[in-house]
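Accompanying notes for the structure given below.
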Amino acid sequence: MRRVWRGTMARMTSEPPASNLDPAVAARLKRSADGLVPAIAQQYDTGEVLMLGWMDDEALHRTLTTGRCTYWSRSRQEYWVKGDTSGHFQYVKSVALDCDADTVLVQVDQVGAACHTGTRTCFDTDVLPVTK
């Protein structure tokens, strides 16, 4: 099932969602059952992994054309642009698909915290021990 937008409301349907994403890129994407691909945000100059968000075709299109990361909120069921409410912007430097086209890597210039908890990265507070 896929989300199709009618005004500001989304409904579940088997129709493909309307999007302005380049059809050649859209044809390559391997999406989850709910039409999403994971998008990893990485600091472009240091390689620091900042966060993981979710994108559908339209979120990817907006990210590619605005220079700001746009994600799909699974909990709120709406698009959100990183920084619009927090002031912690992600300015896009490059976007790449992985070898299977089922994950997006967005290299960004992160301004402020990337994590909603206020930390620089979502991966710095719960480091698990590795035993050999």
Pair R74-D34, salt bridge (Lys or Arg N to Asp or Glu O under 4.0 Å): steps then yes or no: CA-CA 10 Å; R74 296 178 302 165; D34 56 0; 5.7 Å; no
Shortest non-hydrogen contact between H88 and A113, atoms and distance: CB-O, 2.9 Å
Gap separating the CG atom of L21 from the CD atom of E58, nearest 0.5 angstrom: 8.0 Å
Test item: L97 and V104 side chains (from C-beta on) under 4.5 Å apart, heavy atoms: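 In short, these two side chains touch, coming nearer than 4.5 Å.
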Should [X] and [Y] be counted in the same cluster of Ile, Leu, Val, Met, Phe, Trp and Tyr side chains packed under 4.5 Å apart?
X: M51; Y: V95; result: yes
X: L52; Y: L105; result: yes
X: V25; Y: V92; result: yes

Salt-bridge present (K93, D45; N to O < 4.0 Å):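 So K93 does not pair with D45 through a salt bridge.
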Charged N-O contact under 4.0 Å between R68 and D84: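 Salt bridge between R68 and D84, a charged N being under 4.0 Å from a carboxylate O: yes.
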C69 backbone acceptor or donor facing T63 side chain under 3.5 Å: no
Side chain Q42, main chain G47, donor-acceptor under 3.5 Å: yes
Candidates W54, W80, Y79 - the one meeting ring pair (Phe, Tyr, Trp, His ring centres under 6.0 Å) with W72: Y79
Side-chain H-bond candidate by donor/acceptor type, E78 with S73, under 3.5 Å: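 Absent: no donor and acceptor within the cut-off.
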Modelled atom types, side-chain donor and acceptor of Q110 and Q43, under 3.5 Å: no
